[in-house]
Amino acid sequence: MAELARKRATYQDVLDAPEHMTAQVIDGQLYLHPRPARRHLRAASSLGSFLFGAFDAAGVHGPGGWVIIHEPELHLGPEPDILVPDLGGWREERYPGDDDNNDPYFVVAPDWAAEVLSESTARLDRMRKLPIYARERIPHVWLVDPRDRTVEVFRLGSDGYVLTKTWGDENEPAELEPFGALPIPPSAFWGRLLR
């Protein structure tokens, strides 16, 4: 028996998704995930706040030079894959701007993306999204695991991503590319360590 062709998911499927779900389209397939758990939210919020204060916000607490966005919706590729990393960052000179066309998404790939791993998304983040980030030539990707309190730092090479560092020291600041100009305290990843 012939297999029925599956309908390719579109942006309309993302727009029609329930509000309590995060919707992404990867290789034409719609993926729906519930909103993240508290540990995931805390890690993404802590890291985003630190990076915004140090590298965005005109470098109020650091060197500046970046635009940091929480959960940017990325439309990448000709039949766009629609991805929502936990954090995305563009170097100021590459940021597409805050125009008035009201598009809630970006078609310019960021220079850095971070995925905060959870049980329901870790496989998708590693197996499906990382190759798309490589295809789109995103120079740096972090995989942040709040359960294990580890960060994997990937740099784009000629054949895909290369793991350049794994960090997980709860007592020492992290110096992680592309934000190595300012050590990042453990609390920026996990918040205060509340057990």
Side-chain angles (χ1 to χ4, degrees), residues 14 22 24 35-76 80-118 121 125 129-130 132-134 136-146 149-156 161 164-170 172-193:
V14 171
T22 298
Q24 301 179 93
R35 297 296 304 152
R38 290 180 201 167
R39 183 180 296 176
H40 182 121
L41 289 170
R42 188 165 167 80
S45 296
S46 295
L47 181 57
S49 294
F50 178 85
L51 293 175
F52 181 84
F55 292 94
D56 199 316
V60 171
H61 302 292
W66 287 79
V67 176
I68 306 295
I69 306 284
H70 180 258
E71 291 188 349
E73 184 177 301
L74 308 175
H75 290 217
L76 304 174
D81 290 296
I82 301 169
L83 309 175
V84 182
D86 290 286
L87 295 164
W90 288 260
R91 294 193 182 273
E92 283 182 344
E93 62 272 12
R94 287 196 63 254
Y95 182 65
D98 297 322
D99 56 25
D100 293 328
N101 69 7
N102 294 322
D103 285 338
Y105 55 83
F106 296 88
V107 296
V108 174
D111 296 295
W112 165 82
E115 295 288 356
V116 178
L117 304 178
S118 64
T121 64
D125 293 338
K129 292 172 79 172
L130 211 52
I132 294 169
Y133 292 152
E136 296 299 318
R137 312 298 299 159
I138 296 174
H140 297 91
V141 175
W142 292 1
L143 297 180
V144 179
D145 190 334
R149 292 194 171 134
T150 59
V151 179
E152 295 170 276
V153 177
F154 293 90
R155 179 189 319 129
L156 187 62
Y161 285 110
T164 62
K165 187 169 192 169
T166 301
W167 175 86
D169 191 330
E170 292 183 359
E172 294 295 325
E175 294 183 14
L176 307 175
E177 59 183 73
F179 302 109
L182 186 66
I184 304 172
S187 62
F189 292 98
W190 328 123
R192 287 185 301 118
L193 295 180

Non-hydrogen side-chain atoms of Pro185 and Phe50 separated by less than 4.5 Å: yes
Contact summary for Pro36 and Leu41, nearest pair of heavy atoms: O-CD1, 3.6 Å
Gap separating the CG atom of Leu51 from the CH2 atom of Trp66, nearest 0.5 angstrom: 9.5 Å
With sequence neighbours excluded, residues passing ring-ring contact (aromatic ring centres under 6.0 Å, His included) with Phe189: Trp167
Between CG on residue Leu130 and CD on residue Glu152, distance to nearest 0.5 Å: 9.5 Å
Pairwise side-chain contact, His40 with Asp86, heavy-atom cut-off 4.5 Å (strictly under): yes
Least distance between heavy atoms, Ile69 atom then Pro72 atom: O-CD, 3.4 Å
Heavy-atom pair with the smallest gap, counting every atom of Leu156 and Ile138: CB-O, 3.8 Å
Rounded distance [0.5 Å steps], CD1 in Ile132 versus CG in Asp81: 3.5 Å
Results of side-chain hydrogen bond (donor to acceptor under 3.5 Å, both in side chains) for Gln24 - residues two or more places apart only: Lys129
Pairwise side-chain contact, Trp112 with Leu87, heavy-atom cut-off 4.5 Å (strictly under): yes
Qualifying residue, where the test is side-chain contact (heavy atoms from CB on, under 4.5 Å) with Arg91 and the options are Pro178, Pro139, Pro110: Pro178
Minimum heavy-atom distance between Pro146 and Val144, given as atom pair plus value: CD-O, 3.4 Å
Residue list, side chain to side chain contact (heavy atoms under 4.5 Å, CB included) with Pro80, at least two apart or on another chain: His75
Residue pair Tyr95 / Val67: nearest heavy atoms and the distance that separates them: CE1-CG1, 3.6 Å
Separation of Trp90 CH2 from Asp56 CG (nearest 0.5 Å): 11.0 Å
Between CG on residue Asp111 and CD on residue Glu92, distance to nearest 0.5 Å: 11.5 Å
Any Val141 side-chain heavy atom under 4.5 Å of Tyr161 side chain: yes
Contacts of type side chain to side chain contact (heavy atoms under 4.5 Å, CB included), residue Thr150, not counting sequence neighbours: Asp145, Asp148
Closest non-hydrogen atom pair between Arg155 and Glu177, with its separation: NE-OE2, 2.7 Å
Side-chain H-bond candidate by donor/acceptor type, Tyr133 with Glu115, under 3.5 Å: yes
Phe179 vs Val153 side-chain heavy atoms within contact, under 4.5 Å: no
Ser45: partners by side chain to side chain contact (heavy atoms under 4.5 Å, CB included), with sequence neighbours left out: none
Flag, side chain of Arg94 to backbone of Ala109, donor-acceptor distance under 3.5 Å: yes
Under the ring-ring contact (aromatic ring centres under 6.0 Å, His included) test, residues paired with His140 that sit two or more places apart: none
